[in-house]
Enquirer: 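Structure incoming, see below.
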Amino acid sequence: SGHRLGHRDHHVGVTMTKTMTKTYRSGPLGALIDEYERAAAELLAIINSMTDEEFEAVRDPETTNPDCVSVQTVAKHVVVCGYNYAGMLRNVWAVEHRAKRQTKMKRREVTPRMNEMLAYTVDTLEGRWNTPVNKFQATTIQTGWGQTFDVEQLLEHAVMHIHRHRRQIERFLGRQG
């Protein structure tokens, strides 16, 4: 695949093609959003390669966490959390946040819902792409689970959140065959 350095408009959409030209965003936020999209694309590639039955199958019948029962529940959890991370940033910056309640998703709905969540995140960051890192580091965000992050740390957490759940799904699939 070809890669091209340069400025990128802030439109979002994760697509899977064999010959995709990648344009990189500028600045520290740009790097994090590029990696967020990459993590989402890796997760979506796995989900889109599954059958509906594989997607909906109970993978961990003994878990007490309802978000970790199946690939379907994990996918919903990832999308909901992505909206929550963007919402935390919007709250800190006093930008309107519309809470997004996600219902159970069919496999074919995951890609559009993931892309909507990524677009919402990009929209949250509009006008802040070239903000100096020290300003982001001076902004504290209290999470609902008790941790305190700065802007960069919250976005890094969002990227790793997708990676961890991609790994979980890969392990689910490995146990099946």
Side-chain angles (χ1 to χ4, degrees), residues 7-15 23-44 47-48 55 64-169:
H7 187 65
R8 174 181 175 166
D9 66 13
H10 301 296
H11 287 91
V12 173
V14 176
T15 56
T23 305
Y24 293 93
R25 290 182 179 90
S26 61
L29 289 183
L32 287 167
I33 292 301
D34 287 348
E35 289 304 312
Y36 203 21
E37 289 175 346
R38 174 186 266 176
E42 291 170 357
L43 176 61
L44 291 171
I47 290 171
N48 290 329
F55 179 71
T64 58
N65 185 341
D67 293 330
C68 295
V69 173
S70 65
V71 175
Q72 182 178 42
T73 61
V74 171
K76 174 188 167 195
H77 169 74
V78 167
V79 171
V80 167
C81 288
Y83 277 107
N84 289 341
Y85 303 141
M88 287 180 226
L89 294 172
R90 285 172 177 255
N91 289 340
V92 159
W93 293 326
V95 175
E96 181 186 350
H97 170 54
R98 57 187 189 277
K100 194 85 163 151
R101 190 175 175 294
Q102 295 290 332
T103 56
K104 186 159 47 170
M105 282 186 246
K106 295 186 185 314
R107 189 181 59 83
R108 66 178 159 68
E109 296 173 314
V110 177
T111 295
R113 290 201 189 170
M114 183 80 71
N115 285 334
E116 289 165 9
M117 178 275 292
L118 291 166
Y120 186 69
T121 303
V122 167
D123 185 62
T124 299
L125 299 172
E126 260 333 302
R128 295 178 172 86
W129 298 102
N130 296 314
T131 302
V133 174
N134 63 341
K135 187 167 183 183
F136 288 134
Q137 291 170 338
T139 303
T140 58
I141 301 161
Q142 185 65 44
T143 68
W145 61 92
Q147 284 184 285
T148 302
F149 289 137
D150 65 31
V151 172
E152 187 176 35
Q153 290 168 329
L154 180 64
L155 290 171
E156 288 170 348
H157 174 83
V159 172
M160 286 309 301
H161 187 250
I162 293 179
H163 283 310
R164 285 194 307 266
H165 285 298
R166 187 211 66 239
R167 179 181 179 274
Q168 177 185 24
I169 289 169

Enquirer: Among side-chain atoms of His161 and Arg164, is any donor-acceptor pair under 3.5 angstrom?
Expert: no
Enquirer: Which residue is it: His163, Gln168, Arg167? I am looking for the one with a side-chain hydrogen bond (donor to acceptor under 3.5 Å, both in side chains) to His165.
Expert: Gln168
Enquirer: With respect to Leu154, which candidate in Leu32, Thr148, Leu89 satisfies the side chain to side chain contact (heavy atoms under 4.5 Å, CB included) definition?
Expert: Leu89
Enquirer: Would you check if the side chain of Tyr120 reaches a backbone N or O of Arg98 as a donor-acceptor pair within less than 3.5 Å?
Expert: yes
Enquirer: Measuring from Thr124:OG1 to Arg90:CZ, what's the distance to the nearest 0.5 Å?
Expert: 3.5 Å
Enquirer: For Ala119, is there any backbone N or O sitting under 3.5 Å from a side-chain donor or acceptor partner on Asp123?
Expert: no
Enquirer: Taking all non-hydrogen atoms of both residues into account, name the closest pair between Val133 and Pro28 and its distance.
Expert: CG2-CG, 3.4 Å
Enquirer: Which pair of non-hydrogen atoms, one from Thr140 and one from Val92, has the smallest distance, and what is that distance?
Expert: O-CG2, 3.9 Å
Enquirer: So which heavy atom on Ile47 is nearest to which on Ala75, and how close?
Expert: CD1-CB, 4.0 Å
Enquirer: Mind listing the closest non-hydrogen atom pair of Pro66 and Val69 along with its distance?
Expert: O-CG2, 3.8 Å
Enquirer: Quick one: closest heavy-atom pair of Phe136 and Arg128, and the distance?
Expert: CZ-O, 3.5 Å
Enquirer: Indicate the atoms forming the closest heavy-atom contact of Asn130 with Ser26, along with that distance.
Expert: OD1-OG, 3.9 Å
Enquirer: Evaluate the ring planes of Tyr85 and Trp145, with Trp represented by its six-membered ring, and classify them as parallel (under 30°), tilted (30 to 60°) or perpendicular (over 60°).
Expert: perpendicular
Enquirer: Is a side-chain donor or acceptor of Gln153 paired with a backbone partner of His157 at a separation under 3.5 angstrom?
Expert: no
Enquirer: Hey, is Glu109 close enough to Lys106 for a salt bridge, meaning N to O under 4.0 Å?
Expert: no
Enquirer: Taking atom NZ of Lys135 and atom CD of Glu152, what is their separation to the nearest 0.5 Å?
Expert: 15.5 Å
Enquirer: Keeping Gln72 on the side-chain end and Met105 on the backbone end, is there a donor-acceptor pair under 3.5 Å?
Expert: yes
Enquirer: What I want to check is whether the side chains of Thr111 and Asn48 have a donor and an acceptor closer together than 3.5 Å.
Expert: yes
Enquirer: Would you give the length of the straight line joining atom CG of Leu118 to atom CZ of Arg113, rounded to the nearest 0.5 angstrom?
Expert: 14.5 Å
Enquirer: I'd like to know if the side chain of Glu37 and the backbone of Asp34 have a donor-acceptor N/O pair within less than 3.5 Å.
Expert: no
